[in-house]
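Shown next, in structure tokens, is the structure this report addresses.
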Amino acid sequence: MVNGTAAPRRHRALGAATVSAIATVVLAGCSGSSSDEGKELRFGETASLTGYKDAKLDVTVDRLEQGGSADLSVLKDASKYAGKTPYYLRYKLTKTEAGKSGGASTYFSVTDANKKRLSKLTIIGALDTTGDPKNPLKYRGFDKCESLSTSDFEKAAPGQSVTGCAVYVADAGAGVPTVTWEQGTKTLATWK
């Protein structure tokens with residue numbers, strides 16, 4: 001209706017076609033799902049998943065290494081992590097589509113034996129002065145686990161892989177952790 005009168009037949013047909021086109025786009029967007037959704041894997045196995053901006057990528061969790069609480073003593077606020085156990089999640093992302101750059105943002109979650117999420121630490125390296133006028137600064141990263149560079153994944157061609165590491169911390173005695181790749185409330189893959 002337009003101003004209380006019935007819309008001409010041509011406008012009704014155009015409106016119905018527009019609604020139909022919108023419904024098709026929305027439904028097509030909802031139907032795409034990962035071929036490995038909900039799949040359980042062992043460390044070292046690969047799942048084909050969807051990442052940031054719906055980028056398709058292959059995700060391999062190589063291993064989850066348990067560190068020692070002394071590893072965290074090099075952090076600025078080390079006392080905050082006293083008694084905590086670090087875990088180093090080592091993974092590989094393989095770009096499977098041209099032009100998609102969203103995969104470097106990962107959807108990993110690590111939970112302990114009681115299903116409690118471990119805290120992820122983002123560790124930023126430091127610049128130390130050297131006293132050498134030719135090279136006055138030296139970068140110092142967290143040697144135990146270097147994070148993935150977003151630009152490395154974006155520059156990768158389809159079929160190329162990049163490796164990364166993420167740090168998670170647990171309370172002492174939390175049990176053996178599990179690694180998942182999640183989007184929203186869906187668990188797309190689990191590594192044990």
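Given the structure is predicted, the values throughout are model-derived calculations rather than measurements. Numbers for residues simply follow the sequence, beginning at 1.
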Val179 side chain reached by Thr190 side chain, heavy atoms, under 4.5 Å: no
Within-4.5 Å side-chain heavy-atom neighbours: Ile123 and Val167: yes
Ile124, CD1 atom: more than 12 neighbouring heavy atoms under 6.0 Å: no
Close side-chain approach of Thr111 and Ser109, heavy atoms under 4.5 Å: yes
Pairing residues for Lys192 by the salt bridge (Lys or Arg N to Asp or Glu O under 4.0 Å) criterion, not counting sequence neighbours: Glu40
Contacts of Lys144 that satisfy salt bridge (Lys or Arg N to Asp or Glu O under 4.0 Å) - sequence neighbours left out: Asp71
Pairs meeting criterion salt bridge (charged side-chain N to carboxylate O under 4.0 Å, His left out) with involvement of residues 41-51, two or more places apart: none
Selection residues 107-165 - residue pairs positive for disulfide bond (SG atoms under 2.5 Å apart), sequence neighbours left out: Cys145-Cys165
By ring-ring contact (aromatic ring centres under 6.0 Å, His included) - contacts of Phe108 (at least two apart): Tyr91, Trp181
Any donor-acceptor N/O pair, Lys95 side chain to Ala156 backbone, under 3.5 Å: yes
Pairing residues for Thr180 by the side-chain hydrogen bond (donor to acceptor under 3.5 Å, both in side chains) criterion, not counting sequence neighbours: Glu182
Contacts of type side-chain contact (heavy atoms from CB on, under 4.5 Å), residue Asp132, not counting sequence neighbours: Thr130, Lys134, Asn135
All side-chain contact (heavy atoms from CB on, under 4.5 Å) counterparts of Thr96, not counting sequence neighbours: Lys56, Asp58
Set of residues satisfying side-chain hydrogen bond (donor to acceptor under 3.5 Å, both in side chains) with respect to Asp112, sequence neighbours excluded: none
Sequence-distant partners of Glu65, side-chain hydrogen bond (donor to acceptor under 3.5 Å, both in side chains), two or more places apart: Arg63, Arg90
Only pairs under 3.5 Å count here: list side-chain donor-acceptor contacts from residues 73-84, not counting sequence neighbours, and write none if there are none.
{"residue": "Ser73", "atom": "OG", "partner": "Ala70", "partner atom": "O", "Å": "2.7"}
{"residue": "Lys84", "atom": "NZ", "partner": "Asp171", "partner atom": "OD1", "Å": "2.5"}

Sequence-distant partners of Thr60, side-chain hydrogen bond (donor to acceptor under 3.5 Å, both in side chains), two or more places apart: Thr46
Side-chain touch Pro177/Leu64, heavy atoms, less than 4.5 angstrom: yes
Val162 and Lys92, any side-chain heavy atoms less than 4.5 Å apart: no
